[in-house]
A.B. asks: 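Let me give you the structure first, and then I'll get to my questions.
Per chain, numbering begins at 1; letters A, B, ... match sequence-line order.
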Number of protein chains: 2
Amino acid sequence: MDTIEKGWFSEIHEDLLPGQAFSMRVKKVLHEEKSRYQDIQIVETTDYGRALILDGIIQCTLRDEFSYQEMISFLPLCAHPNPEKVLIVGGGDGGVAREAVKHPAVKEVHQVEIDDRVVELSKKYLPEMACGFDHPKLHLTIGDGFEYMKNHKNEFDVIITDSSDPIGPAVALFEESYYGLLKTALRPGGIVCSQGNNYWCGLDYCKSLLENCKKHFPTAAYAFTTIPSYPCGSIGFAIGCLDPERKLDEPLHVFTKAEVDKLNLRYYTSETHRASFVLPRFVEKALYES
Amino acid sequence: MDTIEKGWFSEIHEDLLPGQAFSMRVKKVLHEEKSRYQDIQIVETTDYGRALILDGIIQCTLRDEFSYQEMISFLPLCAHPNPEKVLIVGGGDGGVAREAVKHPAVKEVHQVEIDDRVVELSKKYLPEMACGFDHPKLHLTIGDGFEYMKNHKNEFDVIITDSSDPIGPAVALFEESYYGLLKTALRPGGIVCSQGNNYWCGLDYCKSLLENCKKHFPTAAYAFTTIPSYPCGSIGFAIGCLDPERKLDEPLHVFTKAEVDKLNLRYYTSETHRASFVLPRFVEKALYES
């Protein structure tokens, strides 16, 4: 927790992001603690609003979190013909829950988050995201996602894994065995979506994640969204589907712009859905042709 | 030139980018000088390769420059039915020239750069980009873009403005009068493309730039590309066309993937062309609906 110096927080991570850093000016440190699982910091920045930082890595800022939360939720939900029952693994800030419950076809959202302190602190300091926990469609369990899924087979239409980066407590959520477990928890035709690193600063990681996904899902693809407070300014999603005929880049629920605005979507549209799967040539080659 | 401390270069710009900074670790400062127009630094970074820095702002790094150079060149070139004669304003590192000469329909590329020191230093330290100056299609003039265009009316099919940010020497390249001048230098049906800031950290600027463009061009649109060493991880382009019927997001030259690879394009494809015009809902609303 020594990353705030002279009023600036700097995200420095020599393993995942050698030789680069993103910094935000901090107005006030609102809370710092070491939970059972991780270091938690909540800070008020001067230009990105409040920010949640876990183990020194920015998880979300109020200025740009909607990009990530909307896209990780609506990409899989809109690629599914009838996503009635959804599971969120992780997502302790509540932002993914806030988005997932919005989708008109969604009836129940179950969420399993391992660290109750992230949930409690988000409720206290980040109500703009934690409001997701208050929705009647949402059912929160504090516990381990692996254990939860072992006891919930053949149950969900969509599973969203909103994890921190592939180090520390979240590392298992990026492995092949995790995809095997996700598969068993899905109903036929189900879809999974996980945060998938960044193609500029973690292309090999994107590739191995997509390969792990492909081992268990006949349809798999990679999408991305721009978001300035994440490393390199964008983040990807690895998406898998049990239906070999599904086209993940073609939304089955197409929203008009009026519907998008009524759902208070600020990033996602049916057009950004399609475009988010279009990758730069060097990424396309690495992920699909090698 | 006091921005390199303890072996890190930090881009801090309180006017354009308040409260945030991007930093790269520097292995070696290769050159520093104050030219007639600006402070020039060329550094060797540990993870982004060599970088050109003007007035403390990163212009390009060898790791990711292709994203910007390809997109600012191929978006307008491929939206034009026959881009035979091209003008580049700025672009002293040579990267846009390197890309523009690649396009099969392009016969001549004229370039006017105000600062000969940027050209000379790029030739010495950044040959991967400055190789653009050696191409037989390329004709370089050292001088002022405004003066140049006043003497070259009705001459170009495509004009690419590869400028630094809208502060200091480049500020005039973002004003309405500049678009008026661009228009006079174009042939009928001509296209202009300028770097257009970033929708995350300069949305008002993107909007005013596009509005300036629209005042002189019946067709105008905004596109973007991801690039980690630019502020917020992406940069936009304001594109205008004298043909009111042209669809800028639909490439008229469609390349197969084999052609893309043969042209050594690492970001641009006909698919990224189309997708680059698809904007997040909050951007679409700000630029096109307000």
Side-chain angles (χ1 to χ4, degrees), chain A residues 8 10-12 14 17-27 45-48 63-64 66-67 70-71 198-201 224-235 255 257 260-261 263-285 289, chain B residues 8 10-12 14 17-27 45-48 63-64 66-67 70-71 198-201 224-235 255 257 260-261 263-285 289:
Chain A
W8 287 74
S10 291
E11 185 175 275
I12 298 172
E14 282 298 329
L17 294 167
Q20 70 181 75
F22 177 71
S23 307
M24 301 184 297
R25 189 170 42 212
V26 173
K27 202 187 287 183
T45 71
T46 56
D47 292 270
Y48 277 76
R63 176 165 158 187
D64 60 4
F66 64 92
S67 164
E70 290 180 17
M71 294 298 273
N198 176 286
Y199 56 68
W200 280 108
C201 46
F224 76 98
T225 193
T226 67
I227 178 162
S229 69
Y230 283 166
C232 293
S234 57
I235 191 163
F255 295 124
K257 292 293 158 69
V260 163
D261 293 343
L263 289 169
N264 192 26
L265 293 168
R266 291 183 281 165
Y267 201 102
Y268 183 89
T269 61
S270 300
E271 293 77 19
T272 57
H273 182 125
R274 295 184 192 102
S276 70
F277 288 87
V278 178
L279 303 174
R281 182 63 188 145
F282 79 102
V283 182
E284 181 181 56
K285 277 170 100 164
E289 297 173 24
Chain B
W8 287 75
S10 291
E11 184 175 276
I12 297 172
E14 281 298 328
L17 294 167
Q20 70 181 76
F22 177 71
S23 307
M24 302 184 297
R25 189 169 42 213
V26 173
K27 202 188 286 182
T45 71
T46 55
D47 293 85
Y48 276 77
R63 175 164 159 188
D64 59 4
F66 64 92
S67 165
E70 289 180 16
M71 294 298 271
N198 176 285
Y199 56 67
W200 280 108
C201 45
F224 76 98
T225 193
T226 67
I227 178 162
S229 69
Y230 283 167
C232 293
S234 56
I235 192 165
F255 296 123
K257 292 294 158 66
V260 162
D261 293 344
L263 289 169
N264 191 27
L265 293 168
R266 290 183 280 164
Y267 200 102
Y268 182 89
T269 62
S270 301
E271 293 76 20
T272 57
H273 182 126
R274 294 183 193 102
S276 69
F277 288 87
V278 178
L279 304 174
R281 181 64 188 145
F282 78 103
V283 182
E284 183 180 56
K285 278 170 99 164
E289 296 172 26

A.B. asks: Taking every heavy-atom pair that is under 4.5 Å apart, which of A:Asp47, A:Asn198, A:Thr45 has the most such pairs with chain B?
C.D. replies: A:Asp47

A.B. asks: Using a 4.5 angstrom heavy-atom cutoff, name the option from B:Ser229, B:Ser23, B:Ser276 with the most pairs to chain A.
C.D. replies: B:Ser23

A.B. asks: In terms of heavy-atom pairs under 4.5 Å with chain B, which of A:Pro18, A:Ser234, A:Pro231 leads?
C.D. replies: A:Pro18

A.B. asks: Checking side chain to side chain contact (heavy atoms under 4.5 Å, CB included) for the pair B:Phe224/A:Thr226: CA distance, chi angles, key distance, verdict?
C.D. replies: CA-CA 10 Å; B:Phe224 76 98; A:Thr226 67; 3.6 Å; yes

A.B. asks: Quick one: what part of B:Arg63 sits under 4.5 Å from any heavy atom of chain A, side chain, backbone, both or neither?
C.D. replies: both

A.B. asks: If I measure from the heavy atoms of chain A, does B:Phe277 come under 4.5 Å with its side chain, its backbone, both, or neither?
C.D. replies: neither

A.B. asks: Can you tell me which portion of A:Phe66 sits under 4.5 Å from chain B's heavy atoms? Options are side chain, backbone, both or neither.
C.D. replies: side chain

A.B. asks: Under the side chain to side chain contact (heavy atoms under 4.5 Å, CB included) rule, collect the residues that match up with B:Val278, sequence neighbours excluded.
C.D. replies: A:Glu271, A:Thr272, A:Ala275

A.B. asks: Output the option from B:Val283, B:Thr46, B:Asp261, B:Leu265 having the highest count of non-hydrogen pairs under 4.5 Å with chain A.
C.D. replies: B:Asp261

A.B. asks: Looking at B:Met24, B:Lys257, B:Met71, which makes the most heavy-atom pairs under 4.5 Å with chain A?
C.D. replies: B:Lys257

A.B. asks: Just jot down the side chain to side chain contact (heavy atoms under 4.5 Å, CB included) partners of B:Glu289, sequence neighbours excluded, or say none.
C.D. replies: B:Arg281, B:Glu284, B:Lys285

A.B. asks: What part of A:Thr269 gets closer than 4.5 Å to chain B, counting heavy atoms only: side chain, backbone, both or neither?
C.D. replies: side chain

A.B. asks: Which region of A:Leu17, side chain (C-beta onward) or backbone (N, CA, C, O), has a non-hydrogen atom less than 4.5 Å from a non-hydrogen atom of chain B, or is it both or neither?
C.D. replies: neither

A.B. asks: Determine whether the aromatic ring centres of A:Tyr230 and B:Trp200 lie less than 6.0 Å apart.
C.D. replies: no

A.B. asks: Give the minimum heavy-atom separation between A:Trp8 and B:Ala21, together with the two atoms involved.
C.D. replies: CZ3-N, 3.9 Å

A.B. asks: Looking at B:Tyr48, B:Tyr268, B:Tyr267, which has the largest count of heavy-atom pairs under 4.5 Å with chain A?
C.D. replies: B:Tyr267

